[in-house]
Asks: 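This structure is in structure tokens; I'll ask about it shortly.
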Amino acid sequence: MSGGYKQQPGSGSGEVRKDGKRVAGKQSFGPPGSGGSRPEMKPRDLDFIPEMVGGNEKQPAGAHIHDRARTGTTVGKAIPLVDANAKVTGQAWYGDDVRLPNEIIGRIVRSPHHYAKVVSIDTSKAEALPGVIAVATGEDAPNKFGVLPVTKDEHAMAVEKVRHVGDLVACVAAVDEATAREAASLIEVEYEVLDSIHDMKKGLEDVDEPIHWRGKYHVGTTNVQKRVFQEFGDRSMVENPNAMYHGKWKYMGVNHGFTEPHAVVAHWDSNGRLQLYTPQQVPHYAHRALATVLDVPMHQINVIRTFVGGGFGGKSDPFPHEMCAAILSRKAGKPVRITFDREEVFWVNRGRHPSHIEVQMYADEEARISGFDIDALIDGGGFASFGHVTSYYNGVLATAPYELGSFHYTGARVWTNKPASGAMRGHGAVNTRCAVEVGLDDMSEQLGVDPIDLRLANLLPPHSRTISGFRITSNGMRQALQEVRKGSDWDNKFRKLPLGKGIGIGCGFFISGSGLPIHWDPNKFPHATVHIQIDMDGGVTVHTGAADIGQGSTTAVAQVVAEVLALPIEMIHVRSHESDTSPVDLGSYSSRVTFMNANAAIRAALEIKEKLLNAAWDTLGYHPDTLVLNDRRIYYKHDPAIGMSYLEALHKAQEDKGALISSGAYRSPPMGGVHKGAAAGLAPAYSFSAYVAEVEVDVETGMIKCTDVWAAHDCGKALNPLAVEGQIIGSCHMGLGQVLTEQMVYGRTGHLQNANLLDYKIPSVHEMPNVTPIIIESCDPEGPFGAKEAGEGPLLPILPAVVNAVYDAIGIRINDLPLTPDKVWAAIAKRMKVEGIDDPSELPVPRLDFSELQEKLAKRAAEHEIRDKKRQRSEDTNAYVNGVLFGFNPDIPLEDQVEGWKSADKPQPEQLAELGLAGKAWLKQEQRHMGGEN
Amino acid sequence: MVGDEYVSMIPAATSEVWSAEVNGQVREVLAPSNAILLDVLRDKTGCLGVKRGCDMGTCGCCTVMIDGQPRLSCLTMAQDANGSSITTVEGLADGAHLAPIQQCFAEHGGSQCGFCTPGFLVASQALLNTNSNPSDAEIACAIEGNLCRCTGYQQIIESIQAAAAIHRGEAESAQAASDAHPDPHPSGPEEPTMPPGHARGNHVWRLQTAAWKRFGRSPKRR
């Protein structure tokens, strides 16, 4: 082993021991500059300063409002996560690693029935077992909670009914785990079993005993939790299409598969305040729910987010076991720790919804997309969770990046007696996106054009509006498509590879932050707040509520603060674990953290910067506009010898006032339409991605191996390219799992059969293709230094890319994910029968003959490229709304210029007859439910 | 009190002295005779860096080195490791100085949420101890028993290659290693042999023997 390793991150030079190793605890901080141009002062890194403000960083997308805040310190550089050292040394403390003195172990009693009334619970035997300290049941906490204020339908433990196998019934706490398990088995529960529902189609039917009552109004007496109808545009456009795709898709449920099982530690401290340690993506919602369930004001609860061992949406709901731990701890007077088995993780679930999705797509004679009809029936499982939003996302997130003539969406989410589905990476958008992208592939074949050119000729430009009223700002879709086309050598491979080898394209579109906060009025309160505090030592403490779940949000916040203040990142200390010290933040979901928290952090840092520069102005006599910040020094722009150190300026600024403190907030601008559900899918920015996947299909076994992926993602600006690439490759991994191997298998009787990581097939290192991440920087005008999300969007395109590649390889489209070998082989066998061949190696492979449309499309795409570049650089500032491609005037409301252009959120009576599967939910009348709940 | 007819479902396990050299320190603790190594390491010796992910040898988060071989501590009875020398993730660093593998995981993005990282670090360190010039295929075989949900493995393999370069003395720092030696074996052997002490090979037989010995840990029971 050679020397040079250090405990601390940062640059390498420094004091060196005789054996070549660096001395522990020493960092390579030179003394701060003290007035002259000292030799140890680093020159400004002009390669990371935008050209608009005198640096060398190219800005093809034009200037950005944060350009002047750039100091070339960290933004755009591949740096390790600031908490990476804790993770590689085993010091990172996850949920189960919180060990408090005198802790006891909690265990949860779970329902063995799919659906049953709880008649009685006898806890006397468990309480009598030596070593048992507390027992709690649903009666201890009857208040309802839920992640969304509109759908609070969960209890800490079953009150009246259990709704799926594994639903919580009671809990116990004992001196050790063995005793707790024993006590849990001694709790006797009497159930009255009810008829359970496992098929989501049955959820649309009237039943005697719906799994929940929907609040005041219920859809018939069905199990429909939410129904959505949305229609935009001119429906007459879809008549007489030139090409049409109709696909009925089936998707299995998918679990997040994070490696850390849920764990929670609850402790009521000596002042009677609850200290709750939990690996939460969204600590603030847990905070609210705990206050409701425990009947304790929020200020008497401190939610401490531990390190999170993977979230992906699966740790974003407030969970009943968190309430259980708090209730047990309150009863026992001791800290209670509850850690899940892997099986329990699957019972809590909140994974991707099993779905039936029907898509009809139409293209007109000029290969414009004249309409999308989407019908999505999604299986919500036993609880609402984020489902209210998911029901919308399944439709509305398909309205871009293409320009549509019309859009028609019906969606329904039903309750069934399964573990609840919820939010998972790519929330709601993934399944529909897959169907839509495969549809485009199919239509391009009918039209005789290249699928990439079909896309390129139908893209919405930057600074435009989608058909449903979403405001698109920066848009790197075109560049992403061009990059993957080039990188994958697409033109020489597509429809030219031999049988068994294929190549396919898929695109993605995702929100970068949800435009409306769930719990409050966005016009009054900000989405994100960041506090910065600097005391005499010069270290910067940043308080944020952003939950780092491994995606690197802490690093992103530290990076932008370091960038603005021109300090080494080692001087930035982000405190984000405790709700006591962190400003309220909505947490890590909807890919909002980098966009919103980094924006808030920039604002807070700029306030500090202003104070420092004013102090330097007092001392140096030069106006702040002429002062430059660089590596712990402030100096006069035209003579770097005139300046002062950061510490000197800081101490000057602190005179009479003490520590410098600032607060920055981010609020999204007013956006969106006024129709019902207009807020769903609304975001201050959107990310775009395009993937090309290459697969090998063994035609004799149906086995698919994905070999290469070219993954281009438009993240606006990569604050940390290392982290962005990690997100892209990781998204590929998770998406590949869903398209090839992962599924939650429910047996004939509705029992979950693969609630473990042996039978639930997460791709291992051998299944991973060679991924080439390509970062596209479109520089979002409102993003922090131009950044957008990179965490969820990159997952979307991998599914359709693989499905399309499989078609390219064997000429068969399979609409039933995952594409396991049995399904693929069955499809091959069926095809062989149809073709009348015995040997699968004789299967016909699709080949493409370009029609005359191809040239037209390529020409249109080239014209649009010029248009997009102008719009991106704000050289063309005319309004652009969806519909201009069809010849409409963007300055006149479309309703006024096109007869038949409409926007509807309810079906008209004459439409009821032609609704799809999920649309059938609209056949039921809403009726007032007199049950009195909610 | 529980009635006379009550028979405990948990067999009485006597506490026995368990002693092993954990990260260079001889530790003697009292542990139930039916304890698994993972529980003893986490609860008795304070090695909280050993993670519990699945309880059945599928995720590899609990990988530790027993006498230099990577083993899954959730499928190893503590008594089977009695008297052995155990290295966990906490034992990889030399005091405050990170091992090359740790440094490279940090600098190459091999760790995102970090929960699987201890297992990966131990498994790959065990590989590097015997083979400082592994091909990508050999690395893949060494870490195939470990699941990572965040990184998609690609940056993990890059990290291990960078650390291998340092082990060979070809690179001074992790950053330099990645630039100078992106991939020493671009093609790699066709059929890699299973390296010794390879984690999944361990779990196949232990799955049937040791795993369900410990009552109350079976995921089929609740």
Side-chain angles (χ1 to χ4, degrees), chain A residues 1-2 4-7 9 12 21-22 24-25 80-81 84-85 87-94 96-97 110 125 128-129 178 181-182 184-185 257-261 307-310 312 341-343 549-551 722-723 725-726 729-730 732-734 755-758 762 764-766 768 771, chain B residues 1-2 6 8-10 47-56 58-59 61 88-90 92-100 102-103 105-109 111-118 121 140 143-144 146-157 166-167 169 172-173 216 219 222:
Chain A
M1 259 183 246
S2 63
Y5 309 110
K6 64 249 180 229
Q7 183 87 44
K21 285 173 179 154
R22 274 180 14 87
L81 301 183
N85 277 11
K87 288 165 180 168
V88 299
T89 53
Q91 292 172 39
W93 44 289
Y94 299 87
D96 190 52
D97 301 336
R110 293 179 180 275
K125 278 188 185 167
L129 186 74
R181 281 172 186 273
E182 177 92 37
S185 69
F258 38 71
T259 42
E260 183 204 15
F307 277 78
V308 183
F312 314 115
D341 293 341
R342 181 53 64 173
E343 190 174 19
I549 58 174
Q551 87 280 44
L722 183 73
E725 287 180 4
I729 303 168
C732 271
H733 170 257
M734 194 170 271
N756 61 63
L757 292 183
L758 191 63
I762 292 175
S764 80
V765 63
H766 293 303
M768 226 9 227
V771 182
Chain B
M1 194 58 216
V2 179
Y6 170 67
S8 172
M9 291 175 74
I10 300 169
C47 293
L48 289 170
V50 187
K51 301 298 182 198
R52 174 197 297 283
C54 68
D55 288 308
M56 54 186 294
T58 48
C59 73
C61 295
T88 70
V89 65
E90 288 98 337
L92 294 180
D94 168 19
H97 304 281
L98 298 185
Q102 292 173 304
Q103 189 68 30
F105 262 67
E107 290 183 2
H108 291 261
S111 171
Q112 278 186 31
C113 82
F115 195 80
C116 69
T117 306
L121 287 171
I143 60 172
E144 68 180 6
N146 295 64
L147 285 183
C148 172
R149 194 57 158 165
C150 299
T151 64
Y153 308 104
Q154 202 156 309
Q155 290 178 332
I156 290 180
I157 294 179
I166 298 174
H167 273 263
E172 276 303 304
S173 73
R222 47 182 182 273

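Reckoned from all heavy atoms, side chains included, excluding hydrogens, waters and symmetry mates. Keep in mind the model is a prediction, meaning the values are calculated, not measured.
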Asks: Among the options A:Gly726, A:Cys732, A:Gly310, pick out the one with the most heavy-atom pairs lying under 4.5 Å from chain B.
Replies: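 It is A:Gly726.
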
Asks: Could you tell me which of A:Gln551, A:Glu725, A:Arg342 has the largest number of non-hydrogen atom pairs under 4.5 Å with chain B?
Replies: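 The option with the most such pairs is A:Arg342.
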
Asks: Within the side chain of B:Gln102, is there an N or O that forms a donor-acceptor pair under 3.5 Å with the backbone of B:Leu121?
Replies: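 Side chain of B:Gln102 to backbone of B:Leu121, a donor-acceptor pair under 3.5 Å: no, none is there.
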
Asks: Among A:Ala84, A:Gly309, A:Ala723, A:Ala92, which residue forms the greatest number of heavy-atom pairs with chain B at distances under 4.5 Å?
Replies: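 It is A:Gly309.
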
Asks: Can any side-chain N or O of B:Tyr153 pair as donor or acceptor with the backbone N or O of A:Gly730 at less than 3.5 Å?
Replies: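 No, because the side chain of B:Tyr153 does not come within donor-acceptor range (under 3.5 Å) of the backbone of A:Gly730.
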
Asks: Can we say A:Asp341 and B:Arg52 salt-bridge, meaning some charged N sits less than 4.0 Å from an Asp/Glu carboxylate O?
Replies: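 Result for this pair is no, no salt bridge flagged.
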
Asks: Which atoms form the tightest heavy-atom contact between B:Gly109 and B:Thr151, and what is the distance?
Replies: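 The pair with the smallest heavy-atom distance is O-CG2, 3.9 Å.
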
Asks: Using heavy-atom distances under 4.5 Å, tell me whether A:Ile549 contacts chain B through its side chain, its backbone, both, or neither.
Replies: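 Contact with chain B involves the backbone of A:Ile549 alone.
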
Asks: Considering only heavy atoms, which portion of B:Ile157 lies under 4.5 Å from any heavy atom of chain A: side chain, backbone, both, or neither?
Replies: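 Just the side chain, heavy atoms under 4.5 Å.
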
Asks: Kindly say whether B:Gln112 contributes a backbone atom to a donor-acceptor pair with the side chain of A:Lys87 at under 3.5 angstrom?
Replies: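 Looks like yes, one N/O pair under 3.5 Å.
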
Asks: May I ask you to check whether B:Glu144 and A:His766 show a side-chain donor-acceptor distance below 3.5 Å?
Replies: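 A donor-acceptor contact under 3.5 Å links the two side chains.
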
Asks: With only heavy atoms counted, which part of A:Val308 is less than 4.5 Å from chain B, the side chain, the backbone, both or neither?
Replies: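 The backbone, not the side chain.
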
Asks: Among B:Ala140, B:Ala93, B:Cys47, B:Ser111, which residue has the highest count of heavy-atom pairs closer than 4.5 Å to chain A?
Replies: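 Sorted descending by pairs with chain A, the first entry is B:Ala140.
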
Asks: Based on non-hydrogen pairs under 4.5 Å, which of A:Phe312, A:Trp93, A:Phe258 is most in contact with chain B?
Replies: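 The candidate making the most pairs under 4.5 Å is A:Phe312.
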
Asks: Between chain A and each of B:Pro118, B:Gly49, B:Cys150, count heavy-atom pairs under 4.5 Å; write down the option with the most.
Replies: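 Winner by heavy-atom pair count: B:Cys150.
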
Asks: Taking 4.0 angstrom as the limit, do A:Asp96 and B:Lys51 come out as a salt bridge?
Replies: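 Salt bridge flag = no for B:Lys51 with A:Asp96.
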
Asks: Please rank B:Leu48, B:Ile156, B:Val89 by heavy-atom pairs under 4.5 Å with chain A and give me the top one.
Replies: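 Among B:Leu48, B:Ile156, B:Val89, the one with the most close pairs to chain A is B:Leu48.
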
Asks: Closer than 3.5 angstrom, by distance alone: can the side chain of A:Tyr94 be matched with the main-chain N or O of B:Phe115 as a donor-acceptor pair?
Replies: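 Present.
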
Asks: For A:Met768, is it the side chain, the backbone, both, or neither that has a heavy atom closer than 4.5 Å to a heavy atom of chain B?
Replies: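 Contact with chain B: side chain only.
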
